[in-house]
Q: 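Below are the structure tokens for one structure; questions will follow.
Numbered from 1 within each chain, the chains take letters A, B, ... in sequence-line order.
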Number of protein chains: 2
Amino acid sequence: MEKQLRMTHQREVILSELGKCHTHPTADELYERVKKKLPRISLATVYRNLEILSEAGLIRKLEVSGRQKRFDWDLRQHDHIYCVHCHRVDNIDLKGKKRLSLPARESKGYEVSGCRIEFFGLCPGCRKIQQKTRKGEEKMGCKTCGTGLSDKQREVLEALAKCKDACGSKDIAAATSLEPKQVSCQITALKKKGYVASPARCKYEITSEGKAALS
Amino acid sequence: MEKQLRMTHQREVILSELGKCHTHPTADELYERVKKKLPRISLATVYRNLEILSEAGLIRKLEVSGRQKRFDWDLRQHDHIYCVHCHRVDNIDLKGKKRLSLPARESKGYEVSGCRIEFFGLCPGCRKIQQKTRKGEEKMGCKTCGTGLSDKQREVLEALAKCKDACGSKDIAAATSLEPKQVSCQITALKKKGYVASPARCKYEITSEGKAALS
DNA sequence: AAGGTACATGGTAACTATTATTATGTCAAT
DNA sequence: ATTGACATAATAATAGTTACCATGTACCTT
């Protein structure tokens with residue numbers, strides 16, 4: 001009645017690609033690599049097998065910070081360090097001497113089965129980038145917001161681009177099909193994205209980032 | 001040009017409820033609690049404010065294992081222990097004496113900004129449950145699968161419920177509108193959920209869990 | 001060897017957790 | 001009294017992951 005594990009071709013490729021990575025890849029990073037060898041493989045197959053293989057103890061599923069799960073081919077006990085900027089994960093070896101244990105009286109009634117140690121900081125690559133771009137760090141780090149424009153936002157931004165000087169929201173409302181209330185709502189969003197600046201109270205102008213976003 | 005933080009009623013309630021919790025709640029656990037005081041509050045408001053409050057330094061956003069973010073009202077330096085079964089999170093105090101530091105030569109070029117220590121195991125509550133139910137542990141731990149039936153699954157299960165003795169997949173196919181291939185596919189899924197058992201090869205019967213799932 | 005089941009796959013729909021969008025509301029400062 | 005900064009509720013959109021199911025393949029019995 002043992003659960004039987006069949007070593008299929010897909011599984012072999014997934015395992016061997018994971019073995020070649022020293023980067024603790026996420027499921028879809030691995031999917032991209034595997035797809036080069038097996039172009040017809042499904043993303044679901046990669047997910048399914050990573051799960052099955054880790055349950056079988058052939059690989060290890062990492063519990064690390066960040067939204068995506070990561071997988072590790074190295075089964076030996078070791079800890080990790082990750083980059084808060086690009087989310088890359090590297091190995092750290094604490095050489096066993098510093099392994100922590102938790103006195104029973106402090107374990108709050110838990111049956112403790114282990115301990116995870118994780119350092120975090122900036123990886124070598126991201127340190128260089130950070131030094132170059134002192135400004136605009138927050139914008140850079142944002143994953144989805146900041147890029148892309150809705151139809152209304154684009155309309156307002158295009159109207160602003162045509163103005164030579166800074167103008168008020170009513171001027172823009174007149175230049176577009178939108179109502180004044182809608183305009184101010186869009187301007188708020190555009191300012192948040194850095195596409196619009198307000199040189200004076202009630203006056204707005206497009207920024208260079210805003211012009212870039214229009215093209 | 002300072003960003004101004006307005007202390008609204010919603011914000012007050014979110015903060016005070018978080019203060020009362022000693023459980024490091026997730027956003028929607030907190031939402032459920034806040035909703036009792038402010039029934040019209042939006043889940044998005046809770047998410048937004050937890051984000052804003054943690055950026056302002058009034059609360060702390062935790063990076064812990066598990067898929068959901070958790071929030072902590074206690075700003076002091078402390079570590080955590082979490083339950084691998086129910087994902088509850090408790091505080092652990094290592095008394096500072098064991099704080100780790102990473103020698104520069106071992107940091108792989110990272111600019112290290114900190115370290116997280118996290119114990120894991122079974123919480124007191126889950127230890128008791130585990131002792132009672134030696135079998136079926138895996139089924140218990142599963143989050144979404146195991147509950148719920150698709151239309152086809154329900155049809156097969158109802159047909160099985162009408163049989164007095166264990167019967168083969170062809171008998172079931174005859175009793176339903178489904179083809180034999182479809183039936184065996186559904187039986188596989190139902191077995192995985194524990195709703196169907198196979199007392200003998202090629203013979204299936206509904207389990208008590210299966211009967212419960214039908215009602 | 002044949003038959004039949006257990007296990008696997010690909011494609012896609014559905015799900016969970018989170019974030020963005022937007023109309024509207026509220027407050028403070030001109 | 002306006003105007004704009006900040007907030008909210010409701011909902012759509014998104015990312016990551018998992019479930020569903022038709023179909024394919026490997027492994028046991030007989």
Side-chain angles (χ1 to χ4, degrees), chain A residues 1-11 26-28 31 38-52 66-69 142-153 168-170 178-189 191-193 198 200-204, chain B residues 1-11 26-28 31 38-52 66-69 142-153 168-170 178-193 198 201-204:
Chain A
M1 213 37 198
E2 268 289 325
K3 196 171 179 178
Q4 178 168 329
L5 190 68
R6 202 174 280 170
M7 189 48 64
T8 63
H9 188 41
Q10 285 90 336
R11 226 161 255 183
T26 62
D28 62 59
Y31 171 61
L38 302 173
R40 294 187 46 75
I41 199 172
S42 161
L43 175 60
T45 300
V46 175
Y47 271 104
R48 189 165 0 89
N49 281 317
L50 287 172
E51 191 62 39
I52 289 171
R67 56 188 66 205
Q68 289 177 262
K69 291 181 183 171
C142 191
K143 55 239 144 281
T144 50
C145 64
T147 47
L149 288 169
S150 70
D151 290 348
K152 289 185 183 178
Q153 286 170 2
S169 52
K170 286 185 181 173
L178 302 169
E179 295 171 35
K181 275 210 167 184
Q182 291 180 313
V183 172
S184 81
C185 184
Q186 300 312 321
I187 287 181
T188 304
K191 276 202 293 183
K192 201 165 137 197
K193 294 185 179 184
S198 180
R201 192 174 164 82
C202 313
K203 296 289 173 185
Y204 305 102
Chain B
M1 213 38 199
E2 268 290 324
K3 195 171 179 180
Q4 180 167 327
L5 191 68
R6 203 175 279 169
M7 190 47 66
T8 63
H9 189 40
Q10 285 91 335
R11 226 160 254 185
T26 62
D28 63 59
Y31 171 61
L38 302 172
R40 294 187 45 75
I41 199 170
S42 159
L43 174 60
T45 301
V46 175
Y47 271 104
R48 187 170 2 87
N49 281 318
L50 287 172
E51 192 62 39
I52 290 171
R67 56 190 63 203
Q68 290 178 261
K69 291 181 184 170
C142 190
K143 55 236 149 287
T144 51
C145 64
T147 47
L149 288 170
S150 70
D151 290 348
K152 290 186 184 177
Q153 287 170 1
S169 53
K170 286 186 182 172
L178 302 169
E179 293 171 36
K181 275 209 168 185
Q182 292 181 312
V183 170
S184 81
C185 186
Q186 300 313 319
I187 286 181
T188 303
L190 289 166
K191 275 202 293 183
K192 201 164 137 197
K193 294 184 178 184
S198 178
R201 195 174 162 82
C202 314
K203 295 290 173 185
Y204 306 102

Q: Going from OH on A/Tyr31 to OG1 on A/Thr26, what distance comes out if it is rounded to the nearest 0.5 angstrom?
A: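 A/Tyr31 OH to A/Thr26 OG1: 13.0 Å, rounded to 0.5 Å.
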Q: Taking for each residue the nucleotide of DNA chain D with the nearest heavy atom, is it A/Ala27 or B/Lys152 whose nucleotide lies nearer the 5' end?
A: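 Looking at DNA chain D, the more 5' nearest nucleotide goes with A/Ala27.
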Q: Do the side-chain N or O atoms of B/Arg67 get closer than 4.0 angstrom to the phosphate oxygens (OP1, OP2) of C/dT18?
A: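 It does not, given that no N or O in the side chain of B/Arg67 lies less than 4.0 Å from OP1 or OP2 of C/dT18.
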Q: I want to confirm an ordering. Mapping B/Thr188 and B/Leu43 to their closest nucleotides on DNA chain C, which one lands closer to the 5' end?
A: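 In this pair, the answer is B/Thr188.
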Q: Where is the tightest heavy-atom contact between A/Glu51 and A/Lys69, given as atom of each residue plus distance?
A: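 Reported closest heavy-atom pair: OE1-NZ, 4.5 Å.
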Q: May I ask you to verify if any side-chain N or O of B/Lys191 is less than 4.0 angstrom from the OP1 or OP2 atom of C/dA6?
A: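 Affirmative; the distance criterion is met.
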Q: Taking the minimum atom-to-atom distance to the side chain of B/Thr45, which one of D/dT11, D/dA22, D/dT8 wins?
A: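 Per side-chain heavy atoms of B/Thr45, the pick is D/dT8.
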Q: Does A/Asp28 or A/Ala44 map to a spot on DNA chain D nearer the 5' end, using the closest nucleotide for each?
A: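 Here A/Asp28 is the residue nearer the 5' end.
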Q: Quick one: which of D/dA9, D/dT8, C/dG11 gets closest to the side chain of A/Arg40?
A: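 Nearest nucleotide to the side chain: C/dG11.
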Q: With a cut-off of less than 4.0 Å, is there a side-chain N or O of A/Gln10 near OP1 or OP2 of C/dG10?
A: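 Affirmative; the distance criterion is met.
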Q: Looking at B/Thr8, does any N or O in its side chain come under 4.0 Å of the phosphate oxygens OP1/OP2 on D/dT8?
A: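 For D/dT8, OP1/OP2 do have a side-chain N/O of B/Thr8 under 4.0 Å.
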Q: Go through the structure and list residues passing side chain to side chain contact (heavy atoms under 4.5 Å, CB included) with B/Ser184, not counting sequence neighbours.
A: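 Partners of B/Ser184 under the side chain to side chain contact (heavy atoms under 4.5 Å, CB included) test: none.
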Q: Please determine if a side-chain N or O atom of B/Arg48 lies less than 4.0 Å away from the OP1 or OP2 oxygen of C/dA20.
A: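 No, outside the criterion.
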Q: Of all the nucleotides listed (D/dA10, D/dC21, C/dG10), which has the minimum atom distance to the side chain of A/Ile41?
A: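 Selected nucleotide (nearest to the side chain): C/dG10.
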Q: Tabulate below the donor-acceptor pairs under 3.5 Å that side-chain atoms of residues 38-45 of chain B make, not counting sequence neighbours, or state none.
A:
from, atom 1, to, atom 2, distance (Å)
B/Ser42, OG, B/Ala44, N, 3.1

Q: Report yes if at least one side-chain N or O of A/Arg11 is closer than 4.0 Å to OP1 or OP2 of C/dA8; otherwise report no.
A: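 Result: yes.
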Q: State whether A/Gln186 places a side-chain N or O below 4.0 Å from either non-bridging phosphate oxygen (OP1 or OP2) of C/dT22.
A: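 For C/dT22, OP1 or OP2 has a side-chain N or O of A/Gln186 closer than 4.0 Å.
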Q: Heavy-atom distance under 4.5 Å between the side chains of B/Val46 and B/Gln10, does that happen here?
A: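 In short, these two side chains do not touch, never coming nearer than 4.5 Å.
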Q: Give every pair of a protein N or O atom and an N or O atom of nucleotides 23-26 of chain D that lie under 3.5 Å apart, one pair per line with the distance.
A:
none

Q: Any side-chain N or O of B/Tyr47 below 4.0 angstrom from OP1/OP2 of C/dT18?
A: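 Yes, within the criterion.
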Q: Using OP1 and OP2 only, check whether a side-chain N or O of B/Tyr204 sits under 4.0 Å from C/dA6.
A: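 The answer is yes; a side-chain N or O of B/Tyr204 sits under 4.0 Å from OP1 or OP2.
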Q: Under 4.0 Å from OP1 or OP2 of C/dT19: is there any side-chain N or O of B/Lys69 that close?
A: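 Affirmative; the distance criterion is met.
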Q: Under 4.0 angstrom, heavy atoms only, what part of the nucleic acid is A/Ile187 near: base, sugar-phosphate, or nothing?
A: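 It contacts nothing in the nucleic acid.
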